[in-house]
Structures are given as structure tokens and as C-alpha cells.
Amino acid sequence: MELRRNRGSLVLPLVCVLGGVVLLAMPSRESALRNVVAIGVIALGGAVLLGAVRPFRFAIGPDGLDVRRPGLRRTIRWTEVGALVLDAPPVSEDRPATPRLLLVPAPGAARGLPTTTRHPIDGRPAAELLDLDQVREKPEEIAAALTRYAGDRFVDVLGRRRAAFGVEEFTVALRGYRMDRVDQLVRRGQEALAWGDAAARQAARDEIEQALAAGLPVAGRGFAVARVDEALHGLSTALADDTSTDREPTT
């Protein structure tokens, strides 16, 4: 399976470049400031366009991963892979996060793979292979291909969280709950349901209940209050009702 690059909209960077060129070409007595602005706009638009045309390849097959992107150009065989993880980083204060694919190298196989992050379950050093915002395929499609070819090396952490407790994407609104705090609570509850023990589930429920009672922090731009309250109450109930035995995390 070869992933298709998501080039996004090129209209805005093209307009920036063309607008900058027009500004430079216009006659004016006071041109110094105008020229600085024009050059900055051209540089910004040009950088986006350059990124959109740089070589890119990400293929998943029976022999491994064929990766051609800035900073990494090599074939990674399955024997070099300790683990592959599909996950999403924590949400920032004011911006939702996009899913990413992480790779934990097998012992002695870290050539060209800078380990700048960690496995979300067991904490092993990991390299970020792909930001899924860069490709057209959905996380479910990529997960299916990796399940087929990588076998038990692959862990769909994103899917496991959603299977434990599904939450629809929150609406962004003015004067909503701060995104990072909402994500922190939901993530902890989902993980407690997915692979936590009874103590972890109780601790997650207690944190959610305390946050609801005290009131979550509000930001100028955040997640819509009513929808978040509904989701957190549902998650708290799921944590209280879950009487299944302790889980062993799959890594």
C-alpha cells in the first residue's frame, strides 16, 4: 500500500507569491517597507510551495516500509522494527493534534532514525515516521495495512482508545473549555479503560469528577462546553461500570 501525499490547498501560497511579486513591481516613492513586506510574503508562500513539491514516498509492504521524505530516505525492513504505534500526541492549549505513526527500532537498528519521542504505553524511545496530516488515507486504512503486513509489531493505540470509549470530535467554540485539559482527562479515562487496572480506572474517574465539580478552565477558543460535559459524564460512568478484570497492555 502506497500512501498518497496530501498537498493541501495551494491557492493561498500561490496568491502570496503572486501578490508579493505585484507589490515589488508597483512603482512607489516609499518602497522600502513595501519591499520588505513583499519579500516576506513571497518567502512564506514559496516555502509552502517548495514543501508541497519535495519528494515523498511512504509504502507499506510485505518486506517493510519504504520511506522517502525530508530527513529520512531508506527502506526499513520488518526485522528492524521493534514496534509500530499509531497514536495522536496530546492536544496543545489551543490546537487539536493530528495522528502520527511512531517506530520503536529493534536493538541495533536505529540507523537514520532519531528517537525524539516515546512509545505511549511502555515508554521505549521511538522515532516519528509520519504525521498523518501529510497523507490522504484515513488512520483506519493505514492501521489495516499495518495490521496485515507488520503483524504483532503494530499497535493501534488510537484505535484502542476509541474502542474503549468513543468520543466524537469536539466542536471548537468561543469561550470553550481549554483543549489541552479536556484531552488530558479524556485520554486518561480511555487509557484506564483500554489497559489500566482497577486502581487506574478509579483514579481516572476521581480526576474527572473533581474536574467537573471544580469547573474546567475556559479559553477564548476551546471545546464547546455542553458537548464536553456530556462526554466526561459518560466517561465517568463507563469507568464506574467497568467491572472487567485488569488488562495487560499490548506493546
Q) Do Glu128 and Thr117 meet the criterion of a side-chain donor-acceptor pair at a distance under 3.5 Å? A) no
Q.
For the CG atom of Leu86 and the CG atom of Leu101, what is their distance to the nearest 0.5 Å?
A. 6.5 Å
Q) Got Leu102 and Leu84 here, is their nearest side-chain heavy-atom distance under 4.5 Å? A) no
Q) Are Tyr149 and Leu65 close enough that some pair of their side-chain heavy atoms sits under 4.5 Å apart? A) no
Restricting to side chain to side chain donor-acceptor pair (under 3.5 Å), what partner residues turn up for [X], sequence neighbours left out?
X	answer
Asp63	none
Asp66	Arg57, Arg68, Thr75
Arg181	Gln184, Glu207

Q | Candidates Ile208, Leu212, Asp206 - the one meeting side chain to side chain contact (heavy atoms under 4.5 Å, CB included) with Gln210 | A | Asp206
Q. Salt bridge between Arg161 and Asp87, side-chain N to carboxylate O under 4.0 Å?
A. yes
Q | Lys/Arg N to Asp/Glu carboxylate O, Glu191 vs Arg201, below 4.0 Å | A | no
Q) Trp78 side chain to Gly61 main-chain N or O, any donor-acceptor pair under 3.5 Å? A) yes
Exercise answer: donor-acceptor pairs, residues 139-147 side-chain atoms, under 3.5 Å, sequence neighbours excluded:
{"unit_1": "Glu141", "atom_1": "OE1", "unit_2": "Lys138", "atom_2": "N", "d": "2.8"}
{"unit_1": "Thr147", "atom_1": "OG1", "unit_2": "Ala143", "atom_2": "O", "d": "2.8"}

(Q) Can you pull out every ring-ring contact (aromatic ring centres under 6.0 Å, His included) where at least one residue sits in residues 196-228? Sequence neighbours excluded, please. (A) Phe170-Phe223
Q. Taking only residues at least two apart or on different chains, which pairs with a member in residues 200-222 satisfy ring-ring contact (aromatic ring centres under 6.0 Å, His included)?
A. none
**Q.** salt bridge (charged side-chain N to carboxylate O under 4.0 Å, His left out) between Glu80 and Arg74, intermediate numbers included
**A.** CA-CA 12 Å; Glu80 300 178 83; Arg74 59 171 290 200; 2.3 Å; yes
